[in-house]
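Please read the structure below before turning to the comments.
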Amino acid sequence: MRVDLTEFHDELRSVARGLLGDARARADGAELPTPIDWALLAESGWVGLEVPESLGGSGGSFAEQAVILHELGRTVTMSSYLGSAVLGVGALALLEPSPGRDELLRRVTAGDLRVAVAVETGDDGVGGDPAPFRLDRAGGGLRLDGRAAFVPDATGVELLVLARDPESAFVVVHVALDASGLHIAEQPVLDATRSLGEVLADGIEVSDSSIWRFRSDPGTSAQRLVDRGALAIACDSLGLAEAMVEATVSYTAERRQFERPIGSFQAVKHACADMLVKVLVSRELIDAAVQAVAGGDADASTAVSMAKSYACDAAVDVVGKALQLHGGIGYTWESGIHAYLKRAMLNRSLFGAPAAHRRRLAGRYGAGPLASSQA
Amino acid sequence: MRVDLTEFHDELRSVARGLLGDARARADGAELPTPIDWALLAESGWVGLEVPESLGGSGGSFAEQAVILHELGRTVTMSSYLGSAVLGVGALALLEPSPGRDELLRRVTAGDLRVAVAVETGDDGVGGDPAPFRLDRAGGGLRLDGRAAFVPDATGVELLVLARDPESAFVVVHVALDASGLHIAEQPVLDATRSLGEVLADGIEVSDSSIWRFRSDPGTSAQRLVDRGALAIACDSLGLAEAMVEATVSYTAERRQFERPIGSFQAVKHACADMLVKVLVSRELIDAAVQAVAGGDADASTAVSMAKSYACDAAVDVVGKALQLHGGIGYTWESGIHAYLKRAMLNRSLFGAPAAHRRRLAGRYGAGPLASSQA
Amino acid sequence: MATSDLEEFRAEARRWCQAHIPADWRQTQVGVSDEEDVSFQKAWFQELRKAGYAVPHWPREWGGGMSVAEQIVLYQELAAHDAPRLVLAFVSIHHAASTLLAAGTEEQRRRHLPAILDGEIWVQGFSEPEAGSDLASLRTTARREGDAFVVNGQKLWASGAAHADWCLLLARTDVTAPKRKGISYLLMDMRSPGVDVRPIRNASGEWHFCEIFLNDVVIPASQLVGPENEGWRVAQETLSAERGMTMLELSERLGNAGFRWLVEECSRARPDGLRLLDDALVQDGLAALETEIAGLRLLCRGLVERHEAGTAGPVEASVVKLFYSELLQRMMDFGTEVVGLAAQTSLHKPGSSGWESGAWALDFIGSWEWTIPGGASEIQRTIIAERGLGMPREPEVAR
Amino acid sequence: MATSDLEEFRAEARRWCQAHIPADWRQTQVGVSDEEDVSFQKAWFQELRKAGYAVPHWPREWGGGMSVAEQIVLYQELAAHDAPRLVLAFVSIHHAASTLLAAGTEEQRRRHLPAILDGEIWVQGFSEPEAGSDLASLRTTARREGDAFVVNGQKLWASGAAHADWCLLLARTDVTAPKRKGISYLLMDMRSPGVDVRPIRNASGEWHFCEIFLNDVVIPASQLVGPENEGWRVAQETLSAERGMTMLELSERLGNAGFRWLVEECSRARPDGLRLLDDALVQDGLAALETEIAGLRLLCRGLVERHEAGTAGPVEASVVKLFYSELLQRMMDFGTEVVGLAAQTSLHKPGSSGWESGAWALDFIGSWEWTIPGGASEIQRTIIAERGLGMPREPEVAR
């Protein structure tokens, strides 16, 4: 039986909602989305939620990050939380302690710097190979090669890459930003609230001290890292969808056509009911996956694939329906719904399309009786 | 440009609707569906619609059969029209004239006897091998082996089978009902308005005179035969769906709940509008496929696969929604909607599931630019 | 209850299931007569009763007393081991019992609760031909005459009425009141003179639904439940009270036997050596269904736990009913479609099965038994929107 | 027209397309400035005009005169060869022209039809902020003052108003009449004092929609179309008149360039050597879309032919609009999903494209421009049910 953190999460959520709502209100009217002040997030303790207390964090689990991610989605906040906290802190926490790793973790937690992790964020990362880079012996040392596209928050920060060493084991490599052969470029996408980049390593010379190993089984750890990304995106999509249900209910109660609030029409009501059902089912699947990831369950990947595929599909549908029910107003830039739709679309594709996650689920069917998930 | 037969078709439809409606009314209340009197169909000239005038038919095309099939679907009439007219007459008409073939065609047209054709009615018949039987040389003569399941109207009638001869060319074999090695068994299915059977040939000795060859290219002819079956089923499903839209509109106008006719609720209206749209799209696709098959167009299979996959899928949805909107009454045996649902379900699977037809369509995508269907 | 105790209980329930569930019951129950079906159901009920598994949700004093956590485990294990369902006793142990416990007199409870354990069968007499989803517009009347009510009218969709000893009856005791007022809740002995039961055949060809014709049926006033004219409120409260755990049972069944069969069906080698499971489309469909079922099971579990904690929202039960019924329908449709012609040859489903029996086409038809009654899906959506989301009600109709 | 003549015309149109459609226009029109876009559109219009292809649907005396059969062929060929779309002149050659032809005076026609051929641009001023899908509840007023109307109010969603010379304006001339009465149809010079146009940005980031503020704008009474207070009827008739052929054009485009790109996109080898087309799920989705597009094209063709024959049903145009718009949305959603992350990197679509441009994610967003305006999908379904199926209307709301 797990410790009941409901109250703590409620409090965290309420603080986050207030803070992000204020930030959102200040940013409203800006032509382009403005990233939220990173120092604010760090000071609030949100970056170090999973960092041991000894390194300045609060020693929590992914469950607390999930609360923050949900709120970032609700407000389509632009931040490097995905890159630095979910993947960066997440990767560092999975590694064996070492002076370099500890120092980096401490500084990220304190908000002094940010970090990105170049992993496979496409369909190949789902059950395929999550490491876009490889280390090969060359001369006396090691050289790093590979390319990762669509790396969250990759520009202007410290860089870690997930690689396979010459023995094909997964390791994390800390790459110096001035390394010869490293190319990092912003990759613009339709969703202006996310920053993605391309990382290219073309024969970078790597020293032993910058190759960091996982504490537990490297394969499992590498998969966990990518699963964290997928689940983080699902939490974000749930937040987006939830906000859109609320906005639609509220808009259709006010907006009158044909001498009545449009929310009193059955077609509108039934559409909102369907949106709500999708949000509620998403929430259950995500809560279960968050528990599984936070608890390090062996079948966490299954729960993640269910949550990611369902919630990210559902969010596109829900936001699309919200746009439809807002009518012409919803189609204006000013209403801001476009930002939700674009983020929901990107979320659907990032860290594995729904079909890729369902393929991973289906891979279990051939192999004997299915484990019945009881929990 | 094709001859405009609209008026002739309208008249045929109107006669068929009257006749089948009367027959349906007489059969109402019977515990089990009663097959419609075969003599009546033959006398009405419906069996010989495609038979040359010289053999007692009216020298028309599949377009006239399509009118009858649509009406048989509307009234969920039990008949052996699919086996005897669509496939039987259809197969005979594709064959080289010969005394045996001519005599059989004349007698089927006159209503003296019925005929079934054992072809592949499952997914394998769609772009795969439509012939479930093969002829092999054995001793001095030929022997027939094979098995066909779900053969329409196979019991108690003359039997033709589609086979490959020793050179692998498609032929039609007229099998004597008392032949040693022939086993025909009724295959009960949930839809009690259809009679399907299993035909097993276990080393039947076959004489040269009972092996009949196609007039045109055997491969094309064999495919046409199976395509006729698929399209006939689509016409039937369109009839079913159309009748269910009408029944639902009429029921929901009468039935009152919450102090108003339930048809005045938006949820009911919008569902009916969606049902109508599906019926209208089905109709267009079927009309186009009927023209292509009747005209012997080279790409008729493409039109058939579109019509079959869309209309048979749509019919299950439409009938299911009709059942839902009829509420509890719709779920009673007495309302008769169950007969529509069961027939729509069987139709969806018979002569190729929607996915099998879509697979055939997709087979064209790899092979260079798509022909744009104009005309 | 500590986790270790719960795990011990799970092991115990599992051992019981392994020892007591007849391995071949699905085979033996295909095409059985009505009498055989009833006797199998009654015997299975007594088997469960002996283990203390028949009415786990009742208060301890009446023969139950299992915690919610234990009940969840029990239904998970019964589903995992594909136990026969309690179809015949369903209304007796759920609606009848919860009504008596919540609103009945001590005398009514003493008269009926032990009898239910001994096999007394109940039927629900709520629906009427003209009412449909507008349940409150019922027309059956109960006229007060001295110490009794005299009932006239007609009930419909009374599932299992042909085998019932008693009926939960809603009838109008004040015909002048607005439609949700003036209804009373009565317990009616099905052997009373003037009660005429006629089975009606449903779309699957089965006869479990009945019409009940009521012609001057006399019901003693002592068989009134709750105050006169307050029957609607009583019915609403007891209807929703039980939904959580029965939905949990159904969702566990769908997720265990139901989905397992579908995967097994798709894993079987066809004559050509291929399996449906080798088709990427089938794989994708299965994974989508498994995901939705997982969501359903979590929803049900949450509903039960929040109901127990008193924190369940006003429409959680509607959400579960809507999602379950449409998922069931979609899944059976999928099974029917992928299994294809072979699915059309199963003409009977085993008695005592749940809503998924492996006869995909019949189960598809049966799924409308979920999307239509008990407030059709259309009504559930309106309830979710109005009570759950607070959306504006339909404006009053001008007269 | 005999089939052979039609085939000759097809060959001619095909040759013209091959000779005149710039092969690289999609590349050159990505990210162009507003001015470049307008000048490309105007030049392309004149190119078509020279061939007699700009206004084929107009009467011969005004510069058109093509038979319906020929128009169908023309739009098929333009679509097959992926011609730029006439976006800027759309309202001019369709709504404005058909309104003038159906309800305008001879003088109005002579003033405007030749001008349109020379490049006069029109905008539709029907929608208003408060009206939405309830178009008839418009509030802009036109007060009669001697030989003129004085107009005040605000229009919204006026596509291309920033470049328009003239406006088709609906305004209320009798504020006391019921909402569909008392509206008049006026031709407004966009250079009139008191007309203020402000572009608004849409969800795709484009600026083609405008607000038009009208402040004591004086419109001579000679610019009234049809009788005073009968503007609603005039608008309804001319709106539906043109829909068939423009829908046919759009459906041909969706079926040609649109679907072809999708197949090409799916046929491209990825870095790992695999193609999307090798995935059975993608194949199935493509075949389903191709089938629906085929249905749409046939529906459009039927609508045009039946419209010509005077036998079109009352809701055929609504069916086509509903089906097209939701199919477009589904198809763009599919494209966005299967193309995946790469689809998120197309930040601009080429000017002069149709609703499908190959920038899947942007086109998905753009598809709401079809499901929302001109009677949202919800309204179309109600129209189809009430006028097409004769279902009972919503009861009057009590006040």
Side-chain angles (χ1 to χ4, degrees), chain A residues 31 121-124 128 147 149-150 187-192 194 196 255-260 262 264-268 271 312-313 316-317 320-321 323-342 345-356 358-359, chain D residues 127-137 156-157 179 200-207 209 211 270-272 279 281-282 285 326 329 333 336-348 359-362 364-369 371-373 376-379 381-382 394 396-397 399:
Chain A
E31 177 68 7
T121 59
D123 292 356
D124 292 345
R147 177 184 165 272
F150 304 102
Q187 167 61 66
V189 286
L190 210 50
D191 173 13
R194 290 250 190 239
L196 299 174
R255 171 76 169 170
R256 294 178 70 87
Q257 289 205 286
F258 304 101
E259 283 78 58
R260 32 193 286 207
I262 62 173
S264 72
F265 283 104
Q266 240 185 7
V268 177
C312 291
D313 241 349
V316 173
D317 292 349
K321 201 72 197 175
L323 203 169
Q324 177 72 19
L325 296 178
H326 276 75
I329 296 298
Y331 194 66
T332 60
W333 185 270
E334 209 186 337
S335 77
I337 296 183
H338 71 94
Y340 283 82
L341 183 60
K342 290 168 190 163
M345 284 197 293
L346 178 61
N347 280 359
R348 186 169 61 172
S349 295
L350 203 58
F351 283 103
R358 288 193 292 264
R359 207 177 304 128
Chain D
S127 301
E128 298 192 1
E130 293 301 312
S133 280
D134 186 10
L135 200 59
S137 69
L156 194 59
W157 316 124
K179 71 181 180 181
I200 48 177
R201 199 172 184 191
N202 72 15
S204 314
E206 291 167 352
W207 294 91
F209 283 125
E211 288 179 291
R270 306 250 140 176
D272 59 5
D279 180 344
L281 271 171
V282 172
E326 298 196 342
Q329 197 157 82
D333 189 9
T336 304
E337 183 162 1
V338 299
V339 174
L341 288 167
Q344 302 297 323
T345 62
S346 298
L347 307 185
H348 302 283
W360 305 105
L362 274 173
F364 182 38
I365 299 173
S367 69
W368 272 270
E369 217 165 306
T371 55
I372 294 172
S377 299
E378 292 79 7
I379 307 286
R381 288 194 167 84
T382 299
E394 198 88 12
E396 288 276 317
V397 172
R399 287 166 204 258

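Below, chains carry the letters A, B, ... as their sequence lines are ordered, and counting in each starts from 1.
- Highest contact tally toward chain D, considering only A/A271, A/G327, A/A267, is held by A/G327 [criterion: heavy-atom pairs under 4.5 Å].
- Looking at every heavy atom in both residues, D/P129 comes nearest to A/R255 through O-NH1, 3.1 Å.
- To the nearest 0.5 Å, atoms CD (D/Q344) and CD (A/Q187) are separated by 10.5 Å.
- For the residue pair D/W368 and A/L341, the shortest heavy atom distance occurs at CZ3-CD2, 3.8 Å.
- Note: D/L362 CG to A/M345 CE = 7.5 Å, rounded to the nearest 0.5 Å.
- A donor-acceptor contact shorter than 3.5 Å is absent between the side chain of A/K342 and the backbone of D/A361.
- Between A/E259 and D/K179, the closest side-chain pair of non-hydrogen atoms falls below 4.5 Å.
- With chain A as the partner, the residue from D/L281, D/T382, D/D134 showing the most heavy-atom pairs under 4.5 Å is D/D134.
- For A/L323, the parts sitting under 4.5 Å from any heavy atom of chain D are the backbone and the side chain alike.
- Here the side chain of D/N202 pairs no donor or acceptor atom with the backbone of A/Y331 at under 3.5 angstrom.
- Annotation for A/I329 and D/W157: closest pair N-CZ2, 3.7 Å, computed over non-hydrogen atoms.
- Proximity to chain D (any heavy atom under 4.5 Å) is restricted, for A/R359, to the side chain, taken from C-beta onward.
- To the nearest 0.5 Å, atom OG1 of residue D/T345 and atom CG of residue A/L346 are 11.0 Å apart.
- Considering all non-hydrogen atoms of both residues, D/I372 and A/G328 come closest at CG2-N, 3.4 Å.
- Proximity to chain D is limited to the side chain of A/V316, based on heavy atoms less than 4.5 angstrom apart.
- Proximity to chain D is absent for every atom of A/D123, based on heavy atoms less than 4.5 angstrom apart.
- For D/L135, no part lies near chain A; criterion is any non-hydrogen pair under 4.5 Å.
- Neither the backbone nor the side chain of D/E206 comes within contact range of chain A, judged by heavy atoms closer than 4.5 Å.
- If you measure heavy-atom distances from D/S346 to chain A, the contacts under 4.5 Å come from the backbone alone.
- Only the backbone of D/A131 has a heavy atom closer than 4.5 Å to any heavy atom of chain A.
- With respect to chain D, the highest number of heavy-atom pairs below 4.5 Å among A/R256, A/H338, A/Q257 belongs to A/Q257.
- One finds a salt bridge joining D/D333 and A/R348 here, because a Lys/Arg side-chain nitrogen approaches an Asp/Glu carboxylate oxygen to under 4.0 Å.
- How far OG1 of A/T121 is from CG of D/L341: 5.5 Å, rounded to the nearest 0.5 Å.
- If you measure heavy-atom distances from A/I337 to chain D, you find no contacts under 4.5 Å at all.
- A/Q324 places a side-chain N or O within 3.5 Å of a backbone atom of D/T371 that can act as its donor or acceptor partner.
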